[in-house]
Participant: 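Take this structure, written in structure tokens, and hold onto it; I'll ask about it next.
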Amino acid sequence: MTRYVYRFGGNVSDGGAGDKNLLGGKGANLDGMASIGLPVPPGFTISTPVCALYYENGGAFPDSLKAEVANGVAHIEGITGKKFGVAADPLLVSVRSGARASMPGMMDTVLNLGLNDETVEGLAAISGDARFAWDSYRRFIQMYSDVVLELDHGRFEEALEIAKEDRGYHLDTEMTASDWQALVAEYKALVVELWDGKAFPQDVHDQLWGAIGAVFGSWQSERAKVYRRLNDIPGDWGTAVNVQAMVFGNMGDTSATGVAFTRDPATGENAYYGEFLINAQGEDVVAGIRTPQYLTRAARERAGAKPASMEEAMPEAYAELARVFDQLERHYRDMQDIEFTVERGKLWMLQTRSGKRTAKAALKIAVDMANEGLITQEEAIARVDPAALDQLLHPTLDPDAPRDVLTKGLPASPGAASGFAVFDSDTAEKRAAAGDAVILVRVETSPEDIHGMHAAKGILTARGGMTSHAAVVARGMGRPCVSGAGTLSINAKEGLMRVGTREIREGEVITIDGSTGEVMLGEVPTIQPELAGDFGTLMEWADKVRRLKVRTNAETPLDCRTAREFGAEGIGLCRTEHMFFDAARITAVRQMILAADEKGRRAALDKLLPEQRKDFTEIFEVMAGLPCTIRLLDPPLHEFLPHEESEFAEVAAAAGLDVETLRRRAAELHEFNPMLGHRGCRLGVTYPEIYEMQARAIFEAACEVAEKSGAAPVPEVMIPLVATRRELELMKAVVDKAAQAVFAEKGRTIEYLVGTMIELPRAALRAGEIAEVGEFFSFGTNDLTQTTLGVSRDDAGRFLTTYVEKGIYARDPFVSIDVEGVGELIEIAAERGRKARPGIKLGICGEHGGDPASIAFCEQTGLDYVSASPYRVPIARLAAAQAALARTNGAG
Ligand code: PEP
Ligand code: MG
């Protein structure tokens, strides 16, 4: 019979190796902590497959689950000596979700379960604290009514507010035992009113099964679904349910509760980091209602805060916590994010998991841990998400730029961002979709704000600490965040916020710095990031293990320089058409297009030649002998002509033509499907003199640079959009002829290659014969994707999201290679190309060259290099290293 329930605590850890897929992350780690003897309140985990069964069976549980859960409850009773539903010494439990991947705050939790009219009295007697018992009972009714019974929680909060008001109280802490008891009576009456006349369940087993069902049910809640979509978490994983003995951080001043990280999740610094609250329950820390205290004395002093840190207030429990941190890091070999409770001086561990961290922290922690010997260099490489490096490569605020600081909050997630202030998530999403940069400003965020946070460039909240919802989610998303800016008063309804006497309205530009907590009015200029230090170290390690070379897609000397700083080993794609748009040249380009015959075209091309030569000279100089793939003209000619009637007169005058001729020529060049039209080598076939001029410019520049610097450039001349061998043959002849002419004139020879892009399915299929002519292939996966899928890359935006949502494509095929379709064509082309020309150089220069998943595919296919835009070069280096490691460690 399949087992569904796994116990932990005491000397038991049924989960064995702590399988995350089976027990969920939380369950596996509770089991793992129990297995190394850490103080974990006993409990049991209902495995994730039950979640799928629950949905398959329309909300019913498998038959054998009842007995297994009873056995689990007995396990907890055995260890704690308490009895579930028995007033003399009642057992209370928590019921929590826990999927394979952490989904913070996205699913349901019920605490203090097991309280009813009888057990509350027992709890009061045994704890000697009636106030605590009645407070726990009212918390339980409130939470259960919200999460399980789905009653309007606003009504419960309202009742509490009125109870305080009536008594002239401001704080919950002023409520006495009998005040809470009276509120419990009101809550129970509210349940009857809101729940169709039914009473709050008194049977603790009914309570338990209700909570288990609710937690499984919350897997399909809207917010959980949105979170899964944003984080690529499959919907069929399901959640586990963890039932665990309650421990109490709210049993007076020797009790406390807290959340902590074994290292700083923002900077990666090897120092304990966290917050705690004396005499409180876990939800109080996360909810951000009371301001938590620092964990360590050093952190408190650094912040200049007064209330004692845990190290000072509870030295013994703190010392034990520090021992646990150490043990956890050694066991899990990673930075841990934990929840703990101190109940009357005794420390309990409620949760541990690998902590979410900023890219900066991920990098530092990986490098530090490898240097500490906790993990290997190879593991360090695997620990950093290449896509997250993006956060580090982007600019930070210029420290010397003037700034108009409005206020300061907590530095909750690093990075700087400027944008229009908006005060609700729907507006943030709408404006971002319209192309605006926005900063989402909220009193505090909740899971309902996920879409707005995702759309925003940065997040600012008035309330909440470093572990508030806003802080945790922003760090995970890599968005800069300033939280707890307490001097802000936000009026979302009126669309404004106030700081002192200043008023900022929706749509005004503000800047936040998530590394310092500063909030500024207006836009503040930025500076480039530091690429040495940990970043440099990890990149060095990555370069040692990767096989794939990494080149860049660049066409300006500035981009080439940036790419080289980021470690590019050559140019994989220089798109020459971008050079034609330069204001100084566009007129000559237009004269060339508008010329009546070859003679006229050549006259215009003669004007362009020295300009192109200058382009290539500069690029060759920057690239200093590294290979440079230069692609000859690709886009259809009408892209260079004006499209607006209003422009015609001016353009015609500049080109020395009458408006009528220009208009007629533009109409002649009009195409219905420009992507499939007169472009790529089709231009070279019809107007060979264009390619001839470009080839000449390349070779003249190469000779010039070789002469000047001694480092001979290695041009790789690339012909776009080839479908047949004959096309390439014709174009190669044009290039070779230009080369011979230049070499004869200059009295020197330069080594060069002529190759082609493989960006049409026919080219991939006929790669064998094309490779007899072409000396290298570069996969143009942008065009190859659009022509293989029959999806225009310019129009795909309208429906591709739906396609991904419906699972037709797992990911946007223009972002991540469609391995089955486009991938197969690449494999065919690589194989046939290699057969015809052993050792033929193979690369990729479509957008996919900077996408980690696609890079893994390129590694498996044995390509020689990937080429990515300058800022993605480091991402590609790291992804290539990870792909190489995966290959050597895996089946390959
Ligand atoms: C491609 O098609 O993948 C490519 C790199 O060329 P472009 O994007 O310029 O069409
Ligand atoms: Mg292309």
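Every number for a ligand or one of its atoms is a count from 1 in the order of the listing. For the single chain, residues carry numbers from 1 onward in sequence order.
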Participant: Can you tell me the protein heavy atom closest to atom 6 (O) of ligand 1 and the distance?
Facilitator: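 Result: Arg631 NH1, 3.0 Å.
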Participant: Of all N/O/S atoms in Asp783, which lies nearest to the Mg ion (ligand 2)?
Facilitator: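 Nearest N/O/S atom of Asp783: OD2.
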Participant: Do any N or O atoms from the side chain of His848 and from the backbone of Pro813 form a donor-acceptor pair under 3.5 angstrom?
Facilitator: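 Judged by distance alone, yes, a pair lies under 3.5 Å.
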Participant: With a sphere of 6.0 Å drawn around CZ of Arg431, does it hold more than 12 non-hydrogen atoms of other residues, nucleotides or ligands?
Facilitator: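 Yes, CZ of Arg431 has more than 12 neighbouring heavy atoms, counting only those of other groups under 6.0 Å.
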Participant: Which ligand 1 atoms, with their elements, are less than 4.0 angstrom from a heavy-atom of Leu573?
Facilitator: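 So the atoms of ligand 1 that pass are 5 (C).
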Participant: Report the part of Arg793 (side chain from C-beta onward, or backbone N, CA, C, O) that has a heavy atom under 4.0 Å from ligand 1; answer both or neither where that applies.
Facilitator: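 Answer for Arg793: side chain.
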Participant: Among the heavy atoms of Met718, does any lie under 4.0 Å from an atom of ligand 1?
Facilitator: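 No; Met718 lies far enough from ligand 1 that no heavy-atom distance drops under 4.0 Å.
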Participant: Measure from the side-chain N and O atoms of Arg766 to the backbone N and O of Ala723, and report whether any donor-acceptor pair falls under 3.5 Å.
Facilitator: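 No, Arg766 side chain to Ala723 backbone: no donor-acceptor pair under 3.5 Å.
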Participant: Identify the protein heavy atom lying closest to atom 10 (O) of ligand 1, giving its residue, its atom name and the separation to 0.1 Å.
Facilitator: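 Going by distance alone, atom 10 (O) of ligand 1 is nearest to Asp783 OD2, 2.9 Å.
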Participant: With a distance cut-off below 6.0 Å to the six-membered ring centre and an angular limit of 45° from the axis, does Arg793 pair with Phe814 as a cation-pi contact?
Facilitator: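 No; the conditions do not both hold, so Arg793 does not lie above the ring face of Phe814.
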Participant: Using modelled atom types only, decide if a donor and an acceptor are shared between the side chain of Glu772 and the backbone of Ala767 within a distance under 3.5 Å.
Facilitator: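 Looks like no, no N/O pair under 3.5 Å.
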Participant: Note the single closest protein heavy atom to atom 9 (O) of ligand 1, along with its residue, its atom name and the distance in Å.
Facilitator: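 Answer for atom 9 (O) of ligand 1: Arg575 NE, 2.8 Å.
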Participant: May I ask you to list the atoms of ligand 1 that are less than 4.0 angstrom from any heavy atom of Met757?
Facilitator: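 It comes down to these atoms of ligand 1: 4 (C), 5 (C), 6 (O).
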Participant: Could you tell me how the ring of Phe743 sits relative to the ring of Phe699: parallel (under 30°), tilted (30 to 60°) or perpendicular (over 60°)?
Facilitator: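 The rings of Phe743 and Phe699 stand perpendicular, inter-plane angle above 60°.
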Participant: Ignoring angles and geometry beyond distance, decide whether Thr781 reaches within less than 3.5 Å of ligand 1 through its nitrogen or oxygen atoms.
Facilitator: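 Yes, since at least one N or O of Thr781 sits under 3.5 Å from an N or O of ligand 1.
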Participant: For Asn782, counting its heavy atoms only, list the atoms of ligand 1 lying under 4.0 Å from any of them.
Facilitator: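 The list of qualifying atoms is 1 (C), 2 (O), 3 (O), 4 (C), 5 (C), 8 (O).
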Participant: For Gln740, does the CD atom sit with more than 12 other heavy atoms under 6.0 Å from it, leaving out its own atoms?
Facilitator: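 Count over threshold, so yes.
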Participant: Any nitrogen or oxygen of Gly780, side chain or backbone, less than 3.5 Å from one on ligand 1?
Facilitator: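 Such a contact does occur with ligand 1.
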Participant: Measure from NZ or CZ of Arg663 to the centre of the six-membered ring of Phe648 and say whether it is under 6.0 Å with the direction within 45° of the ring axis.
Facilitator: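 Yes, Arg663 and Phe648 form such a contact.
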Participant: Find, among atoms of Glu759 that are N, O or S, the one nearest to the Mg ion (ligand 2), and state its name.
Facilitator: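 Going by distance to the Mg ion (ligand 2), the closest N, O or S atom in Glu759 is OE1.
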Participant: Kindly say whether Pro636 contributes a backbone atom to a donor-acceptor pair with the side chain of Glu639 at under 3.5 angstrom?
Facilitator: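 No: the side chain of Glu639 does not pair with the backbone of Pro636.
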Participant: With atoms numbered from 1 as shown, which atoms in ligand 1 lie under 4.0 angstrom from a non-hydrogen atom of Cys845?
Facilitator: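 Reading through ligand 1 atom by atom, the close ones are 5 (C).
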Participant: Pull out every atom of ligand 1 sitting under 4.0 Å from any heavy atom of Glu759, numbered as shown with elements.
Facilitator: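 Counting atoms of ligand 1 from 1, those under 4.0 Å from Glu759 are 1 (C), 2 (O), 6 (O).
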